[in-house]
**Q** 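I have a structure here, written as structure tokens, and I will follow up with some questions on it.
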Amino acid sequence: MSKSHDPWQDAMDHAVAVARKSGEMIREVVQNQDQSSLVQTKSSAVDLVTETDQKVERLIIQSVKSKFPSHRFIGEESVSSGEPCILTSDPTWIIDPIDGTTNFVHRYPFVGVCIGFAVNQQVEWGVVYSAIEDKMFTARRGRGAFCNGRPLQVSTQTDVHRSMVATEFGSDRDPQVVDKIFSSLHKVLSLPVHGVRGAGSAALNMCAVARGSVELYYETGVHVWDIAAASVIVTEAGGVLRDTTGGALDLMSRRIVAANNETIATRIIAELEVYSSERDDRAPDCEPE
Ligand SMILES: O=P([O-])([O-])O[C@@H]1[C@@H](O)[C@H](O)[C@@H](O)[C@H](O)[C@@H]1O
Ligand SMILES: [Mg+2]
């Protein structure tokens, strides 16, 4: 069969197929109830990783290398093992094998296989497969966002008092960070908003914005692999992306706001405590921020 004139579409089609296969692996482990085996920790006692995270990431990367040998990778578990986290202008697959690993360990049914694809440091397409729900979220820059093939559209709500907000408590238990998390949460809740929710997965919170069931998601402490794939799903569904400072989103900054529109984004950002975690692309020997 002749190669399509659209190589990025070939790559996206491959990502959908390998994300679905990864989801089958995840469901099998959950159904066999052995996902709590081999749970290890990374940056803190509650930043978990399992053998399944590592197996899924190897499956994705090995399958891509055989079809697209010149492409580069940023994978959560590869970076955790010492691979660099640098986004060049080369075609780059940005992979979170299981976004919501803590959910996975506890059989809480919100885990996303996340595969983003960037060229010239711009995310061209994103695939987020909610494996337990069997929902395949996809978007290609300029061509819309979909869930299982049905178009996605963000909420039209502009009144913050009628909005639903999502955030997460993250995996940093430093008392000063916990205080900042609760300070922001207190201000947002007291606006008031209708409610605050958290899926336990940055990517699935962002997909909830894209499908219109949440007006805004914010978090400090996420990583580029948590948000890259879902970032284009949000914008192609008509949403906006910002830094918690109100500036433009910087995928490596570890801060994100994903909202249905600028009105809601501006109103919630005004309530957020701005603080920083170490950038994903920091030089290994630099002093922590
Ligand atoms: O580690 P993981 O499950 O891929 O990603 C998770 C993120 O999706 C979530 O937003 C964050 O609050 C968690 O601490 C964790 O980082
Ligand atoms: Mg992960």
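Heads up: numbering here begins at 1 and tracks the sequence. Order of listing sets the numbers, starting from 1, for every ligand and every atom in it.
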**Q** Using a 3.5 Å cut-off on N or O atoms only, is Ala202 in polar contact with ligand 1?
**A** yes
**Q** How close does the nearest protein non-hydrogen atom get to atom 13 (C) of ligand 1, and which residue and atom is it?
**A** Gly170 CA, 4.3 Å
**Q** Around the Mg ion (ligand 2), how many protein N, O or S atoms are closer than 2.8 Å?
**A** 3
**Q** Given Val111, Leu204, Asp99, which one has a non-hydrogen atom that is nearest to atom 7 (C) of ligand 1?
**A** Asp99
**Q** Does Arg162 CZ have over 12 foreign heavy atoms under 6.0 Å away?
**A** no
**Q** Look at atom CD of Gln176 and say whether more than 12 heavy atoms of other residues, nucleotides or ligands are closer to it than 6.0 Å.
**A** no
**Q** Which of the atoms of ligand 1 are close to Glu168, meaning less than 4.0 Å from one of its heavy atoms?
**A** 10 (O), 12 (O)
**Q** Between Leu241 and Thr235, is there a side-chain heavy-atom distance shorter than 4.5 Å?
**A** yes
**Q** Using a 4.0 Å cutoff against the non-hydrogen atoms of Gly100, which atoms of ligand 1 qualify?
**A** 2 (P), 3 (O), 4 (O)
**Q** If we only count N/O pairs under 3.5 Å, is Asp96 in contact with ligand 1?
**A** yes
**Q** Going by the closest heavy atom to atom 9 (C) of ligand 1, which one wins out of Glu219, His223, Glu77?
**A** Glu219
**Q** What do you reckon, are the aromatic ring centroids of Trp125 and Trp93 less than 6.0 Å apart?
**A** yes
**Q** To the nearest 0.5 Å, how far apart are CZ in Phe110 and CZ in Phe104?
**A** 16.0 Å
**Q** Determine the minimum heavy-atom distance between Val234 and Ala259, stating which atoms define it.
**A** CG1-O, 4.4 Å
**Q** Checking the N or O distance criterion of under 3.5 Å, is ligand 1 in contact with Asp226?
**A** yes
**Q** Checking Asp280 against Arg254 for the side-chain contact (heavy atoms from CB on, under 4.5 Å) test, could you report, in this order, the C-alpha distance in whole Å, the side-chain angles of both residues, the deciding distance, and whether it holds?
**A** CA-CA 7 Å; Asp280 278 327; Arg254 302 196 56 203; 3.6 Å; yes
**Q** Any Lys/Arg nitrogen of Asp10 or Lys67 sitting under 4.0 Å from an Asp/Glu carboxylate oxygen of the other?
**A** no
**Q** Ligand 1 and Phe169, any nitrogen or oxygen pair closer than 3.5 angstrom?
**A** no
**Q** Can you tell which of His14, Lys21, Arg58 makes a side-chain hydrogen bond (donor to acceptor under 3.5 Å, both in side chains) with Ser63?
**A** His14
**Q** Do Ser213 and Arg211 pair up side chain to side chain, a donor and an acceptor below 3.5 Å, judged on atom types alone?
**A** yes
**Q** Consider every N or O of Thr101 and every N or O of ligand 1, then say whether any pair is closer than 3.5 Å.
**A** yes
**Q** Mark up the atoms of ligand 1 that fall under 4.0 Å of a heavy atom belonging to Ser171, in ascending order.
**A** 14 (O)
**Q** To the nearest 0.1 Å, how far is atom 1 (O) of ligand 1 from its closest protein heavy atom, and which atom is that?
**A** Glu76 OE2, 3.5 Å
**Q** Quick check for you: to the nearest 0.5 Å, what is the distance between Ile233 atom CD1 and Arg140 atom CZ?
**A** 14.0 Å
**Q** Run the contact test for Ile98 against ligand 1 with a 4.0 Å cut-off on heavy atoms, strictly below, and give the result.
**A** yes
**Q** What atoms in ligand 1 come closer than 4.0 Å to a heavy atom of Ser201?
**A** 8 (O)
**Q** Out of curiosity, Glu215 CD to Asn261 CG, how far, rounded to the nearest 0.5 Å?
**A** 8.5 Å
**Q** Is there any N or O on Trp225 that sits under 3.5 Å from an N or O of ligand 1?
**A** no
**Q** Assess the residue pair Val49 and Gln54 against the criterion (side-chain contact (heavy atoms from CB on, under 4.5 Å)); give the C-alpha distance rounded to whole Å, side-chain angles, the decisive distance to 0.1 Å, and a yes or no.
**A** CA-CA 8 Å; Val49 59; Gln54 293 158 343; 4.1 Å; yes
**Q** Are there protein heavy-atom neighbours of atom 11 (C) of ligand 1 below 4.0 Å?
**A** yes
**Q** Apply the test side-chain contact (heavy atoms from CB on, under 4.5 Å) to residues Leu191 and Glu271: give CA-CA distance (whole Å), side-chain angles for both, the deciding distance (0.1 Å), then the verdict.
**A** CA-CA 9 Å; Leu191 282 174; Glu271 305 302 327; 3.8 Å; yes
